Amino acid sequence: MPYSRRFLLTVLVAALVAGAALRLAWPTADPPTHATVGVVWHDEGAWVHNARNRVLWGTWRTDNWNPMFIAPVFTALEAGAFGLFGVGTWQARTVPAVSGLAAIALLAAGLATLGGRRAAVIGAVLLATNYVFVMWNRAALMESTMTSLIVASWAAYAVAARRPLAGLAAGSAAVLAVFTKASAVFFVGAIGLDAAFTIGSSRVLQTRSRLDTGSPAVQRAAWWTLAGVVLTIALVAMVFVLPNWSEYRFYNWQMSVTRKPEYSVGALLDRASWLPIAHDFFTRMWLVTLAAALAIPGVAARWSRALPAERLLVLWVMIGLLELVVHDSGNERRYVMFIPALVALAALLLGREGPVIPDSVHLDGRTRWLSIPLLLLLAYLVIGSVVRLAYLYQIGPGVRLAAALSVAAVLALVWRWQAVTGWLAVQRMRPEAALLVAGLVVAGDLAQYWQWATRRTSRNYEASLALGRVLPPGTLVHGKLANGLSLENRIRPVFVGRGFGNYEDRKRRDDVRYILTYTAPRIGYEGSVIQDVLEAYPNRAIIMTFDVAETSSGHDKAALIDKFGGPAASPDRTGRAQD
């Protein structure tokens, strides 16, 4: 029985309320260390640095670390949040939290247009409760906002099939995602590629009527999408990039090019093999990954007949995975952008009223052989995310076992191709079964959230407060960790990065008396460059320590260090100033 519009709105509101509760409860709590999802807490202060400067000191720049040239959209939103609510930890986290809630509503809107109300209901609930997405929505980092803009672009692209002018918003949002975090450039390529395919296939239709490429509205939507991309790039270039070209080029070159990994064949193969093995990203959302892996071949098999937004979901995943292989599959934060796409694909499968493989799809022998590379990739993602549990913290054995099982599974599928595809062509996802699967996914995510909630701490927040009780406003403090501990006080951090961010004069900043760095799990844990600063001041002395939470133990230490070995406002060693 189809869901009513009223039911859809009711569930969407409930999903948003539940999602808000999960994202806004205990807003100053530390990110998970036990059931970690890859959030690095001390990066929060570093990436909101310019926004904090603007509100506290009336200027965007106070030193040579200026991430606003890498993430101007995120910086502007954070400055707005600080301007409204004041500077602080929970205030910084409102931007990703609101971004996450917007993604839920936008994904539901796109799914309702593309797959119907049942798919929209399932997608909204799954994204609202997804543990990994919730935890990233609780951290003041760019990934949530970037991903939300990608979802906005995809949803507008789905709507554009009926209202072509929405394509303008789709192209614009895709470009804005790049200026939130540069790694979103893959999605601009994906949406541009599909728009070009749509336009090109329309020209084929004029001479070969056997191809069904969609209505004229779909073609106009593709043109509007490309126009949105071009116009937004031109506008951002004129308003932001060109007036700040030297800084923009420096920061983006240093952060996005100079620090790139090795590109040898062996390195690329390593990064490809790590995708489901190195992190528990796909493991934590295994049922969603499985459903998405079942949905992707169905879209691929009817590529020319699929709706543009369906194809874009597949391109989102495929080109995104390629970007990880080329750039960096070893960092968990780079996987966050896949969550809405996997959820949407799973929701389309679970919400489908017809068979798993539509009757219009002809899976002949030629299709079988052409599909092998795609099937191997999907099998490796699904199988690898399970077998890795047998070899935690051992990449090699997990890769070998997952690869062997994936090859065996795909060979079996190819051997029994007609029987398997014939069976899928008559299978329908019953509403009760779809709700059962969705319920299991939600229960698993809430269980992970409960595990975090019962063990949560607020050590990083408390350490930032303690630092403010000792150092007066405006005190210069050296080191990346100074940025991390700056949100609950008024110190002036002096960031030090490798080849950027006050790197050149790091050994001769005598005007900066204090250093903040980890002492446990080891000295300089936040990055080796801080060792240069420490070695330049051999007479330094630890004058104060703080409990912080970063590694899986959750019991780490940070230290306030006087470069010249003197006292600092008579602090004791427990984070409190002495009387």
Side-chain angles (χ1 to χ4, degrees), residues 27-31 33 39-53 55-57 62-63 65 67 78 82 86-93 138-141 456-497 501-502 506 509 512-527 529-531 533-534 540-551 554-563 568-569 571-577:
T28 59
D30 301 326
T33 53
V39 175
V40 178
W41 74 269
H42 60 249
D43 281 349
E44 290 183 291
W47 286 104
V48 303
H49 179 62
N50 290 125
R52 178 180 179 272
N53 289 344
V55 174
L56 291 183
W57 317 115
T62 57
D63 64 346
W65 165 238
E78 287 289 349
F82 288 157
V87 175
T89 303
W90 71 261
Q91 295 92 324
R93 292 174 177 177
R138 295 178 58 92
L141 298 169
R456 73 185 188 280
T457 60
S458 58
R459 292 189 177 95
N460 306 321
Y461 169 76
E462 292 163 1
S464 185
L465 287 173
L467 184 64
R469 290 193 291 267
V470 174
L471 298 182
T475 302
L476 294 173
V477 184
H478 227 160
K480 182 178 181 179
L481 204 59
N483 293 84
L485 288 173
S486 69
L487 289 176
E488 296 299 327
N489 51 64
R490 299 298 180 263
I491 66 170
R492 298 183 74 147
V494 179
F495 183 95
V496 185
N502 307 289
R506 66 195 183 283
R509 288 297 300 268
V512 184
R513 179 176 177 179
Y514 303 109
I515 304 171
L516 268 169
T517 186
Y518 284 100
T519 55
R522 65 177 182 271
I523 188 77
Y525 175 76
E526 69 274 27
V529 72
I530 196 66
Q531 297 286 357
V533 180
L534 294 172
R540 65 186 182 274
I542 294 177
I543 57 173
M544 187 175 185
T545 60
F546 309 89
D547 292 326
V548 292
E550 167 61 15
T551 65
H555 297 284
D556 305 303
K557 290 283 186 181
L560 178 64
I561 298 173
D562 189 325
K563 292 179 177 179
D572 65 18
R573 300 175 68 86
T574 63
R576 296 188 300 272

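All figures in this text were calculated on a predicted structure; none of them were measured in a lab.
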With no hydrogens and no angle check, is any side-chain donor or acceptor of [X] less than 3.5 Å from a backbone partner on [Y]?
X	Y	result
Lys563	Val512	yes
Arg52	Val87	no
Asn502	Val494	no
Glu526	Thr517	no
Thr475	Pro472	yes

Which residues satisfy the side chain to side chain donor-acceptor pair (under 3.5 Å) test with [X], sequence neighbours excluded?
X	result
Thr33	none
Asn460	Asp30
Arg93	Glu44

Show every donor-acceptor pair shorter than 3.5 Å between a side-chain atom in residues 479-487 and any protein atom, with sequence neighbours excluded, or say none if there are none.
residue : atom : partner : partner atom : Å
Lys480  : NZ   : Asp43   : OD1          : 3.1
Asn483  : ND2  : His49   : ND1          : 3.2
Ser486  : OG   : Asn483  : O            : 2.7

*Decide yes or no on side chain to side chain contact (heavy atoms under 4.5 Å, CB included) for Glu488 and Glu462, but give the supporting numbers first.*
CA-CA 9 Å; Glu488 296 299 327; Glu462 292 163 1; over 6 Å; no
Contact summary for [X] and [Y], nearest pair of heavy atoms:
X	Y	result
Thr62	Arg492	CG2-NH2, 3.3 Å
Ala29	Arg138	CB-NH2, 4.1 Å
Ala549	Gly554	CB-O, 3.6 Å
Pro27	Thr89	O-CG2, 4.5 Å

Please report the interatomic distance [atom1]([X]) to [atom2]([Y]), rounded to the nearest 0.5 Å.
X	Y	atom1	atom2	value
Arg522	Asp556	CZ	CG	10.5 Å
Phe546	Leu516	CZ	CG	6.0 Å
Ile542	Ile561	CD1	CD1	5.0 Å
Ile543	Arg513	CD1	CZ	6.5 Å

*Using a 4.5 Å cut-off on heavy atoms from C-beta on, say whether the side chain of Val548 contacts that of Trp41.*
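Trp41 reaches Val548 side chain to side chain.
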*asked:* Would you say that Phe82 contacts Val48 through its side chain, given a criterion of any heavy-atom pair below 4.5 Å between the two side chains?
replied: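 Side-chain contact under 4.5 Å: yes.
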*May I ask you to say whether Arg540 pairs ionically with Asp562, meaning some side-chain N is under 4.0 Å from a carboxylate O?*
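Salt bridge between Arg540 and Asp562, a charged N being under 4.0 Å from a carboxylate O: no.
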*asked:* Under the rule for salt bridge (Lys or Arg N to Asp or Glu O under 4.0 Å), what residues qualify as partners of Arg509, not counting sequence neighbours?
replied: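 Asp505, Asp511.
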*Apply the test side chain to side chain contact (heavy atoms under 4.5 Å, CB included) to residues Asp547 and Lys557: give CA-CA distance (whole Å), side-chain angles for both, the deciding distance (0.1 Å), then the verdict.*
CA-CA 5 Å; Asp547 292 326; Lys557 290 283 186 181; 2.5 Å; yes
*asked:* Filter on ring-ring contact (aromatic ring centres under 6.0 Å, His included), then keep only pairs touching residues 466-497, sequence neighbours left out; what's left?
replied: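 Checked against ring-ring contact (aromatic ring centres under 6.0 Å, His included) - neighbours excluded - the pairs reaching residues 466-497 are Trp65-Phe495.
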*asked:* Using the rule given for side chain to side chain contact (heavy atoms under 4.5 Å, CB included), can you reason through Ile515 versus Ile530, listing the C-alpha separation, both sets of side-chain angles and the distance that settles it, and then say yes or no?
replied: CA-CA 9 Å; Ile515 304 171; Ile530 196 66; 4.1 Å; yes
